[in-house]
Chemist: 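Please see the structure below; I have some questions.
Both counts, for ligands and for their atoms, begin at 1 and track the order of listing.
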Amino acid sequence: MRLQVLGTAAGGGVPQWNCACPGCSGARAHPGRRRRHASLAVQLDDGAYVVNATPDIAEQIEACAWLRPGPGPRESPLKGVILTDAELDHTIGLLRLREADALEVRSTPVVRHALRPFAELLRPYLQLTWADADTVPVSGKRPRYAAGSPEAAGWVSALRLGPLVYAPAMGVWPDELDEAFRQAACVIVDGTFWDDEEPRRTGISARTATQMGHLPIEATMKRLSKLPGRRLYTHLNNTNPLVDPAAEQHKVLAELGIEVAADGMVIDL
Ligand SMILES: [Zn+2]
């Protein structure tokens with residue numbers, strides 16, 4: 001399966017437009033440290049898909065040679081978008097795709113329901129069709145804009161994509177997910193925060209990483225290291241020490257045989 005990593009940052013990206021924390025300032029000073037919002041390009045049997053529609057989606061498509069349009073003036077190989085959740089950082093890119101003639105969106109039913117306002121906005125522009133994604137539930141956390149919606153499984157999912165399991169947000173690691181991970185040739189998982197106190201220590205939230213719906217790397221790396229396939233972290237927040245290539249945390253992961261995903265990385269599966 002053809003797979004290219006299009007972005008590896010959590011919401012806001014690195015740097016985030018209104019942030020001058022060490023991670024964001026470092027990325028301004030060293031452009032090689034910039035990370036776009038976490039996303040993948042995957043070539044499935046029935047076409048090319050982008051996984052999560054981020055605010056960077058147009059530039060991300062440009063950055064992936066086999067997603068660029070052609071040979072005709074309005075021919076795009078992009079068949080659709082597959083969503084892990086309904087968070088704005090993973091969905092507002094749908095609005096940027098309004099120039100398409102038609103797009104398929106795969107998600108869970110609860111995410112599809114939450115995105116009805118998007119579907120209404122886009123209706124005059126393009127034909128959206130909806131389908132179910134192959135998912136494992138990993139969190140019941142709703143987006144803030146959907147706080148009034150009922151709690152339900154399927155708000156946040158891991159995606160099964162052929163030999164890959166993609167879980168950029170992981171609030172829990174249930175047995176069902178473990179099963180999917182063990183069967184995968186490659187897993188790309190939630191590396192938003194290094195440790196549970198990071199969001200509180202850096203002042204970005206009053207909640208811990210776990211309370212924000214993200215198991216921290218410190219809580220998952222040992223278990224991850226025991227999986228049989230290739231293992232990578234993605235969805236790095238700008239507070240995560242891993243955004244600095246010199247951080248010693250890189251050595252900790254390397255010793256466990258775990259990689260940190262990079263924008264533009266091609267993974268052969
Ligand atoms: Zn920052």
Chemist: Using every non-hydrogen atom in the two residues, find where A180 and R160 come nearest and quote the distance to one decimal.
Modeler: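 Distance-wise, the nearest heavy atoms are CB-NH1, 3.8 Å.
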Chemist: Name each donor-acceptor pair under 3.5 Å that joins a side chain in residues 8-24 to protein atoms two or more places apart or in another chain, with its distance.
Modeler:
unit_1: T8; atom_1: OG1; unit_2: R35; atom_2: NH1; d: 2.9
unit_1: T8; atom_1: OG1; unit_2: D263; atom_2: OD1; d: 2.5
unit_1: Q16; atom_1: OE1; unit_2: N238; atom_2: ND2; d: 3.3
unit_1: Q16; atom_1: NE2; unit_2: N18; atom_2: OD1; d: 2.7

Chemist: For the Zn ion (ligand 1), which protein N/O/S atoms are closer than 2.8 Å?
Modeler: C19 SG, C21 SG, C24 SG
Chemist: Apart from L269 itself, what residues make up its hydrophobic cluster when side-chain heavy atoms of I, L, V, M, F, W and Y under 4.5 Å apart count as a link, directly or indirectly?
Modeler: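 Once heavy-atom contacts under 4.5 Å are chained together, L269 belongs with M1, L3, V5, L40, V42, L44, Y49, V51, I82, L159, L161, L164, Y166, I188, L232, M265, I267.
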Chemist: Scan for ring pair (Phe, Tyr, Trp, His ring centres under 6.0 Å) pairs involving residues 66-114, sequence neighbours excluded, and state none if there are none.
Modeler: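 Residue pairs with at least one partner in residues 66-114: H90-H235.
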Chemist: Salt-bridge test for R200 and E197: reply yes if a basic N is under 4.0 Å from a carboxylate O, no otherwise.
Modeler: yes
Chemist: Rounded to the nearest 0.5 Å, what separation is found between the CD1 atom of I217 and the CZ atom of F193?
Modeler: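 Going from the CD1 atom of I217 to the CZ atom of F193 covers 10.5 Å.
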